[in-house]
Every structure is written in structure tokens, then in C-alpha cells.
2 protein chains.
Amino acid sequence: MSTGVANEKAIDSLKALAEPIRLEIIESLSTGEKCVCDLMQETGLAQSKISFHLKVLKEAGVITDRQSGRWVYYQLDTRTLKSLQNWIKKLRKGCLNEAASCE
Amino acid sequence: MSTGVANEKAIDSLKALAEPIRLEIIESLSTGEKCVCDLMQETGLAQSKISFHLKVLKEAGVITDRQSGRWVYYQLDTRTLKSLQNWIKKLRKGCLNEAASCE
DNA sequence: TTGATACATCAATAATTCTTGATATATACT
DNA sequence: AGTATATATCAAGAATTATTGATGTATCAA
């Protein structure tokens with residue numbers, strides 16, 4: 001089983017993480033699933049702003065969502081983070097283009 | 001010995017990596033030290049553009065430079081990448097704020 | 001010391017991304 | 001049906017980042 005990602009996927013993940021508000025959101029989600037309203041309370045940020053950043057994160061595959069009634073719950077997709085971690089490892093070791101796990 | 005980084009450092013590294021030209025540069029450097037002229041040849045990009053992106057990478061601590069005569073050689077700083085890798089691992093495991101290596 | 005090479009930096013513009021306030025949509029409650 | 005809540009989306013503007021071509025600076029070679 002591969003944890004590899006293409007560079008474009010990696011760039012999407014990196015861009016998604018590389019923003020303070022999104023990072024705050026992600027850190028919050030790392031303790032468990034949250035709805036937008038939870039995130040609003042925790043961060044004190046405007047709803048449209050949070051939704052904007054959640055969308056970026058979701059499109060990058062860093063989080064997933066599930067609707068339940070009026071609420072939408074967001075959750076980290078740790079597989080994406082694991083892939084990214086592995087991608088950085090390969091980058092660092094100069095074996096990004098090799099299929100195998102490297103070294 | 002810690003490989004930990006503060007969030008701001010991590011964001012700098014992430015931003016630096018999250019750009020196609022910079023990633024191309026980094027991939028090239030992952031096979032060894034290069035001068036700007038090498039990078040120009042390999043990528044076919046304008047010199048000012050390459051210097052611009054090298055500066056971003058350097059300020060983020062992702063690469064280091066050394067001058068030799070008329071040339072400036074750039075090299076990956078794999079320690080920064082290792083730190084970033086570890087930071088992502090911690091983020092994924094929800095233990096970013098714990099001192100220890102986690103799990 | 002003149003000319004060429006390697007690179008950095010700058011100013012102007014272009015492109016991208018983020019913020020804000022408003023409006024839209026869907027669900028649930030009464 | 002009517003109202004309130006949770007969230008998404010949108011359009012306009014603000015802010016940040018990238019590109020381009022030009023110029024500056026240091027080093028070397030003739």
C-alpha cells in the first residue's frame with residue numbers, strides 16, 4: 001500500500017496548511033470532529049470566513065465533512081496528512097520519483 | 001534532541017514548498033548543490049524569477065547558500081524538512097503542543 | 001582597466017488569495 | 001405555513017504574492 005502523492009496533490013495540501021486560520025482550524029479538528037458553529041465559538045471568527053477556509057481545506061483533501069441535520073461536521077483526513085508526511089520524507093531524501101518507500 | 005518547530009516556522013516552510021516553481025527548484029536541489037545558472041539551464045526560467053524564489057526558500061530556511069567566486073550555490077537544508085515532517089506527524093496525531101515526540 | 005559573467009534587487013504590473021457584508025438554501029421547530 | 005438556525009456562496013474590495021524587464025554589484029579574465 002502506497003502513501004505516495006503526486007506533486008500537485010502535495011502542493012494543494014501544503015497550500016491548505018500554510019495559512020494561520022486554516023492551521024488553527026486544523027489544530028482544533030485534531031482533537032475531534034467539529035461543526036462550523038463549534039469552530040466559530042472557539043475561534044471567534046466570522047462564519048463566512050470559516051466556511052471559506054473549510055472549503056479550501058476540503059478541496060485539498062485535508063478534511064472531510066458530513067452533514068447531520070442542520071449541522072455540518074468537519075473532520076481531519078489523517079490519511080492525507082500521512083501522505084504528505086511521506087512525500088516530505090521522500091523530498092528530503094531525494095527519492096520523490098521512486099515508487100518504493102525509499103532508503 | 002528535538003526536531004520540533006513552532007507553527008510560524010512550519011507555516012513559512014509550508015508556504016515556501018507550496019509553489020510549483022519553488023518545488024521544481026527544490027526537487028532539483030534534492031540531487032545536490034546547484035548554482036543559479038544550473039537552475040536556469042534546467043528550468044529555462046528567467047534569472048530574476050529564480051532568484052526571487054530562491055530568496056523565499058532561503059528566508060524560510062528550506063535552503064542555504066554559499067558563495068564561491070561569481071557563483072552562489074544553493075543547497076537543501078534537510079534539517080528543516082525533517083522538522084517539518086515531524087511537525088506534520090504531530091499535527092496528524094494531535095500532539096503538536098506536547099514537548100515529547102508523541103505516541 | 002575594460003568587458004563579460006553571475007547574481008541580486010527594484011519598480012511596475014499582473015495574478016492570486018483573503019476578507020467582508022449580504023444574500024441564498026436547507027433543515028428544523030412551533 | 002411561518003420563523004429561526006446552520007451553513008454556503010457571492011460580489012466587491014483589500015491584501016498578498018508573483019512576474020517582468022531594467023538596473024546594480026561583485027567577481028573574474030583579457
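Note that this is a predicted model, so its numbers are computed, not measured.
The phosphate of dA18(D) has OP1 or OP2 within less than 4.0 Å of a side-chain N or O from Arg22(B). Applying the 4.0 Å criterion to OP1 and OP2 of dT7(D), one finds that Lys55(A) has every side-chain N and O outside that range. Taking 4.0 angstrom as the limit, Lys15(A) places none of its side-chain polar atoms (N or O) nearer than this to OP1 or OP2 of dT16(C).
In this entry the distance linking NE2 of His53(A) with P of dA8(D) reads 14 Å, nearest Å. Between the P atom of dC7(C) and the CD1 atom of Ile63(B) lies a distance of 13 Å, rounded to the nearest Å. Put simply, CD1 on Ile21(B) is 4 Å from P on dT19(D), counting in whole angstrom units. Rounded to a whole Å, the CD atom of Gln47(B) is 10 Å from the P atom of dA6(C).
Within the 4.5 Å cutoff, the side chain of Leu96(A) has heavy atoms near those of the Asn7(A) side chain.
Checked by distance alone, Gln67(B) brings no side-chain donor or acceptor within 3.5 Å of a matching partner on the base of dA26(D). Side chain Glu19(B) to base dA18(D): no donor-acceptor pair is found below 3.5 Å.
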Would Ser28(A) and Lys34(A) satisfy side chain to side chain contact (heavy atoms under 4.5 Å, CB included), going step by step from the backbone distance to the final call? CA-CA 8 Å; Ser28(A) 169; Lys34(A) 301 269 170 70; 2.9 Å; yes
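If you check every strand for non-hydrogen atoms under 4.0 Å, Ile50(A) touches nothing. Among the atoms of the strands shown, none is found under 4.0 Å from any heavy atom of Leu54(B). If you check every strand for non-hydrogen atoms under 4.0 Å, Lys58(B) touches nothing. Within 4.0 Å of Tyr73(B), counting heavy atoms only, lies no atom of the nucleic acid at all.
The residue among Arg70(B) and Tyr74(B) whose nearest nucleotide of DNA chain C is located toward the 5' end is Arg70(B).
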